[in-house]
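Step one of this worksheet: look at the structure below.
Proteins get letters first, then strands, A, B, ... in listed order; numbering begins at 1 in each. Side-chain atoms are counted along with the backbone in the values below, which use heavy atoms only and exclude waters and symmetry mates.
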Protein chains: 2
Amino acid sequence: MNNPCGQHQHPHRLIQQPLDELTDRLRRHSRRVTGPRQAILDVLRRHQTPMSNRDIHAALGQGCDLATVYRNLHTLEGVGLVRRFDLGDGAARFELVTPEDDGHHHHLVCTRCSLVVEIDDCFPPEFEQSLAQRHRFARISHRLEFFGVCSRCEAGESRPGPVEA
Amino acid sequence: MNNPCGQHQHPHRLIQQPLDELTDRLRRHSRRVTGPRQAILDVLRRHQTPMSNRDIHAALGQGCDLATVYRNLHTLEGVGLVRRFDLGDGAARFELVTPEDDGHHHHLVCTRCSLVVEIDDCFPPEFEQSLAQRHRFARISHRLEFFGVCSRCEAGESRPGPVEA
DNA sequence: CGGTTCTTGCAACCCGTTTGCAATCATGTG
DNA sequence: CACATGATTGCAAACGGGTTGCAAGAACCG
Ligand SMILES: [Mn+2]
Ligand SMILES: [Mn+2]
Ligand SMILES: [Zn+2]
Ligand SMILES: [Zn+2]
């Protein structure tokens with residue numbers, strides 16, 4: 001409905017960035033292109049919803065140590081290749097970010113089956129700006145996630161594990 | 001600016017509920033009025049911003065075990081005396097809730113000094129409703145928190161501990 | 001007042017995440 | 001293309017918020 005916070009001319013999630021482009025970005029930030037890093041990026045580029053460290057580690061199938069996954073996602077976040085999300089359960093999630101897009105967007109999470117729907121909409125930026133002015137805050141940003149029960153779960157077919165409200 | 005999600009006729013945070021009223025609410029939910037519970041409620045009623053378990057435990061000054069604080073906040077949340085918030089650092093925060101108000105609101109957090117400003121504004125409910133319809137989700141709700149740098153921190157006087165972005 | 005049931009304190013434990021350390025590897029330099 | 005060197009990895013131990021089993025200690029009811 002609204003323009004997603006100013007950015008988002010295109011649905012970034014449909015794009016699948018080539019792996020070489022990603023590793024190039026790594027090099028440009030003087031980070032080494034290692035096996036684990038390529039593997040992690042490759043896992044991420046073929047997923048459209050945010051993945052946890054554990055998810056990624058599992059998808060890697062014994063490809064590298066869990067600690068390495070944690071360290072690398074931290075690094076990737078630092079270099080801006082990846083964006084961190086907090087969907088309310090205790091675990092951080094990550095999504096690849098395109099160079100032209102800062103990746104700001106939101107999610108709609110099913111509290112029963114943990115299904116995640118990508119949301120591009122956002123409230124108008126004036127809202128946030130007015131808050132910033134009113135309270136004299138600088139460099140303001142926000143974090144917004146939606147929760148509910150997806151149609152399948154509402155219909156009764158509970159399946160996997162739940163999430164908090 | 002906007003009507004805060006439909007509720008919030010009054011700035012609930014300015015009210016300081018009498019302790020007896022709170023313990024009465026406990027009894028009405030057939031929960032025992034114990035020392036630790038009164039102490040916790042008393043700490044909460046004289047604070048306007050959300051407190052973590054650790055905060056409360058500290059404010060209690062060795063009044064009761066930390067595990068008891070955790071258990072009681074869980075209980076208090078369950079009976080609707082308290083509302084849980086997630087300000088992005090790993091720790092849950094709690095605020096007292098008035099009987100007429102469900103406590104839904106948001107916060108503006110300084111990423112440098114952790115100052116928390118209470119925010120009553122919210123985007124119009126139609127926004128959320130349209131999302132629910134579009135994705136066929138039921139019982140939809142949201143979690144929204146703002147982050148930025150408060151004027152004091154922006155001016156240079158960094159003081160206590162920071163928070164994530 | 002006495003019994004029943006709820007609560008508490010304590011210590012052990014869970015889970016996501018971080019970290020120290022020695023071994024290994026990616027890179028640029030010659 | 002071989003090397004030196006600092007970045008990166010694997011492993012295991014440590015962390016921090018939070019939970020839990022258990023026996024002792026209250027609330028509350030009659
Ligand atoms: Mn997403
Ligand atoms: Mn608040
Ligand atoms: Zn679902
Ligand atoms: Zn500040």
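A:His74 places its NE2 atom 12 Å from the C1' atom of C:dT19, with the value rounded to the nearest Å. B:Leu60 places its CG atom 10 Å from the P atom of C:dG9, with the value rounded to the nearest Å. Counting to the nearest Å, the P atom of C:dT18 and the NE2 atom of A:His57 are 15 Å from each other. One can place CG of A:Leu73 at 10 Å from P of C:dT18, the figure rounded to the nearest angstrom. Between A:Ile56 atom CD1 and C:dT17 atom P there is a gap of 10 Å when expressed in whole angstrom units. Taking atom CE on A:Met51 and atom P on C:dT17, their separation rounds to 14 Å, with Å as the unit. As rounded to whole Å, 20 Å separates atom P of C:dT5 from atom CZ of B:Arg27. Between the CG atom of A:Leu26 and the C1' atom of C:dT27 there is a distance of 14 Å, rounded to whole Å.
If you check every strand for non-hydrogen atoms under 4.0 Å, B:Ala91 touches sugar and phosphate atoms only. A:Arg71 comes within contact range of at least one nucleobase, with a heavy-atom separation under 4.0 Å.
Closest-nucleotide positions on DNA chain C for B:Ser30 and A:Asp65 were compared, and the one nearer the 5' end corresponds to B:Ser30. Between A:Val33 and A:Ala67, the residue whose closest nucleotide on DNA chain C is further toward the 5' end is A:Ala67. Of the two residues near DNA chain D, A:Pro36 and B:Arg32, the one whose nearest nucleotide lies more 5' is A:Pro36.
When side chains are defined from C-beta on, B:Phe147 does not count as touching A:Ile140, because their heavy atoms never get closer than 4.5 Å. B:His142 is listed as a side-chain neighbour of B:His106, based on a closest heavy-atom distance under 4.5 Å.
For C:dC15, the OP1/OP2 oxygens have no side-chain nitrogen or oxygen of A:Arg54 closer than 4.0 Å. OP1 or OP2 of D:dT19 has not a single side-chain nitrogen or oxygen of B:Tyr70 nearer than 4.0 Å. For B:Thr34, no side-chain nitrogen or oxygen approaches OP1 or OP2 of C:dT7 to under 4.0 Å. Within the structure, every side-chain polar atom (N or O) of B:Asn72 is placed at least 4.0 Å from both OP1 and OP2 of C:dT7.
Donor-acceptor pairing under 3.5 Å, judged by distance alone, is absent between the side chain of A:Arg31 and the base of D:dT8.
A donor-acceptor pair shorter than 3.5 Å cannot be found between the side chains of A:Thr75 and A:Arg71. No side-chain donor-acceptor contact under 3.5 Å links A:His135 and B:Glu118.
In this structure, A:Asp121 and B:Arg134 approach most closely via the heavy-atom pair OD1-NH1, 3.2 Å.
The nucleotide whose nearest atom lies closest to any side-chain atom of B:Cys64 is, among C:dG9, D:dG18, D:dC28, C:dG9.
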